[in-house]
Amino acid sequence: MKKFVFSLQALYNYKLTVERLQKADLKKAQQALQELLDEESRLLQAYANNERSLEEALRKGENVGAALMEHDAFFRFLREALIEIRILIEEAEEVVRQCQERLILTMKEIKTYLKLREEQFASYMKEVQAEEAKEIDDLVSFNVISEDINA
């Protein structure tokens, strides 16, 4: 009796490898995005801290002009940094989205290959059952013929 062989096994194995690589790429992209989000959070925290520091300096009333200049420069730096980090975040989100789309397509292809494999296996099992039925019929016919000869 022949052994079951999935005709697209090599392609299926290739797609599994591609899926594994795409999952790794997605994980890297998600980590990069998370690092950018963490950086944005740190910048926002620095902005809030600078606001509190300015409020404290204004409340004390000591050297208000210098405090305003110092904090204004830092606020401008933080605003520019936030604008840049948000652009990078949008780009990183797009990379994550593209990785997810590629992975979804690959997973759909793998699912299709699995369905084809199931169909081929079902066909194989029908062939095996037909061969077994033929062998049983031949054996029964042989037994009937040998009983007729012996009788």
Side-chain angles (χ1 to χ4, degrees), residues 1-140:
M1 179 182 341
K2 66 179 183 175
K3 182 179 172 185
F4 173 72
V5 178
F6 178 47
S7 61
L8 300 173
Q9 187 66 43
L11 190 54
Y12 173 72
N13 291 342
Y14 170 74
K15 286 297 178 179
L16 288 177
T17 302
V18 169
E19 177 190 31
R20 193 171 47 254
L21 293 173
Q22 287 175 341
K23 283 181 178 180
D25 289 345
L26 176 59
K27 186 175 181 179
K28 287 177 189 175
Q30 288 173 330
Q31 286 174 341
L33 174 60
Q34 188 58 48
E35 289 172 7
L36 290 170
L37 291 171
D38 291 345
E39 180 63 23
E40 179 189 37
S41 179
R42 284 190 290 275
L43 289 172
L44 290 171
Q45 184 62 41
Y47 195 89
N49 290 342
N50 195 42
E51 270 185 336
R52 283 193 288 279
S53 175
L54 177 60
E55 289 171 2
E56 182 69 27
L58 292 175
R59 215 173 308 133
K60 288 182 182 177
E62 300 172 359
N63 204 357
V64 174
L68 282 173
M69 284 179 50
E70 178 183 322
H71 288 283
D72 184 53
F74 193 54
F75 278 131
R76 273 189 262 129
F77 165 76
L78 287 174
R79 275 193 299 271
E80 290 298 318
L82 281 169
I83 289 170
E84 289 178 26
I85 199 82
R86 286 183 178 142
I87 290 170
L88 293 174
I89 287 171
E90 287 176 11
E91 291 171 355
E93 287 173 338
E94 180 62 21
V95 169
V96 167
R97 187 189 62 74
Q98 289 174 355
C99 286
Q100 288 171 334
E101 286 177 1
R102 284 192 302 269
L103 181 59
I104 288 169
L105 286 174
T106 300
M107 292 175 87
K108 285 180 181 179
E109 289 178 15
I110 288 171
K111 190 172 183 177
T112 301
Y113 291 130
L114 287 174
K115 285 181 182 179
L116 288 171
R117 183 172 193 233
E118 288 173 12
E119 289 173 9
Q120 280 188 5
F121 185 73
S123 176
Y124 166 78
M125 288 306 295
K126 285 180 184 177
E127 287 178 24
V128 167
Q129 288 173 351
E131 287 177 17
E132 288 176 353
K134 184 179 183 292
E135 288 177 13
I136 290 172
D137 287 344
D138 289 346
L139 186 59
V140 168

Identify every side-chain donor-acceptor pair in residues 30-38 under 3.5 Å, counting partners at least two apart or on other chains, and give the distances.
| from | atom 1 | to | atom 2 | distance (Å) |
| --- | --- | --- | --- | --- |
| Gln34 | NE2 | Asp38 | OD1 | 2.9 |

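- Here CG of Leu114 is found 7.5 Å from CZ of Phe6. Values are rounded to the nearest 0.5 Å.
- For the pair Gln22 (side chain) and Thr106 (backbone), a donor-acceptor distance under 3.5 Å is absent.
- Residue Gln129 holds its CD atom at 7.0 Å from CD of Glu132, rounded to the nearest 0.5 Å.
- Minimum heavy-atom separation, Leu26 to Cys99: CD1-CB, 3.8 Å.
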Is there a salt bridge (charged side-chain N to carboxylate O under 4.0 Å, His left out) between Arg59 and Glu56? Walk through the geometry before answering. CA-CA 5 Å; Arg59 215 173 308 133; Glu56 182 69 27; 3.1 Å; yes
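- Within the structure, side chain to side chain donor-acceptor pair (under 3.5 Å) contacts touching residues 82-99 (residues at least two apart or in different chains) are Glu40-Arg86, Glu94-Arg97, Glu94-Gln98, Arg97-Glu101.
- In this structure, CD on Glu119 lies 5.5 Å from CG on Leu116, to the nearest 0.5 angstrom.
- In this structure, CG in Leu16 is found 8.0 Å from CD in Gln9, a value given to the nearest 0.5 Å.
- Distance alone, capped at 3.5 Å, is enough to place a donor-acceptor pair between the Thr112 side chain and the Lys108 backbone.
- To the nearest 0.5 angstrom, Glu51 atom CD is 11.5 Å from Phe74 atom CZ.
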Between Leu8 and Arg117, is a side-chain contact (heavy atoms from CB on, under 4.5 Å) present by the stated rule, with each step listed? CA-CA 8 Å; Leu8 300 173; Arg117 183 172 193 233; over 6 Å; no
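- Salt-bridge check for Arg52 with Glu55: failed, with every basic side-chain N at 4.0 Å or more from each acidic carboxylate O.
- With sequence neighbours excluded, no residue satisfies side-chain hydrogen bond (donor to acceptor under 3.5 Å, both in side chains) with Glu19.
- Residue Phe4 qualifies as enclosed at atom CZ: its count of foreign heavy atoms under 6.0 Å is above 12.
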Worked check of salt bridge (charged side-chain N to carboxylate O under 4.0 Å, His left out) between Glu39 and Arg42: CA-CA 5 Å; Glu39 180 63 23; Arg42 284 190 290 275; 2.8 Å; yes
side-chain contact (heavy atoms from CB on, under 4.5 Å) between Gln100 and Leu103, intermediate numbers included: CA-CA 5 Å; Gln100 288 171 334; Leu103 181 59; 5.7 Å; no
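- Paired with Ser123 under the rule side-chain contact (heavy atoms from CB on, under 4.5 Å), one option of Gln120, Glu127, Met125 passes, and it is Glu127.
- Minimum heavy-atom separation, Phe75 to Tyr47: CD2-CE1, 3.3 Å.
- In terms of heavy-atom proximity, Val95 sits nearest to Ala29 at CG1-CB, 3.9 Å.
- Using bins of under 30°, 30° to 60° and over 60° for the plane-to-plane angle, the ring pair Tyr12/Tyr113 lands in the perpendicular bin.
- Leu68 CG to Leu58 CG: the interatomic distance, rounded to the nearest 0.5 Å, is 5.5 Å.
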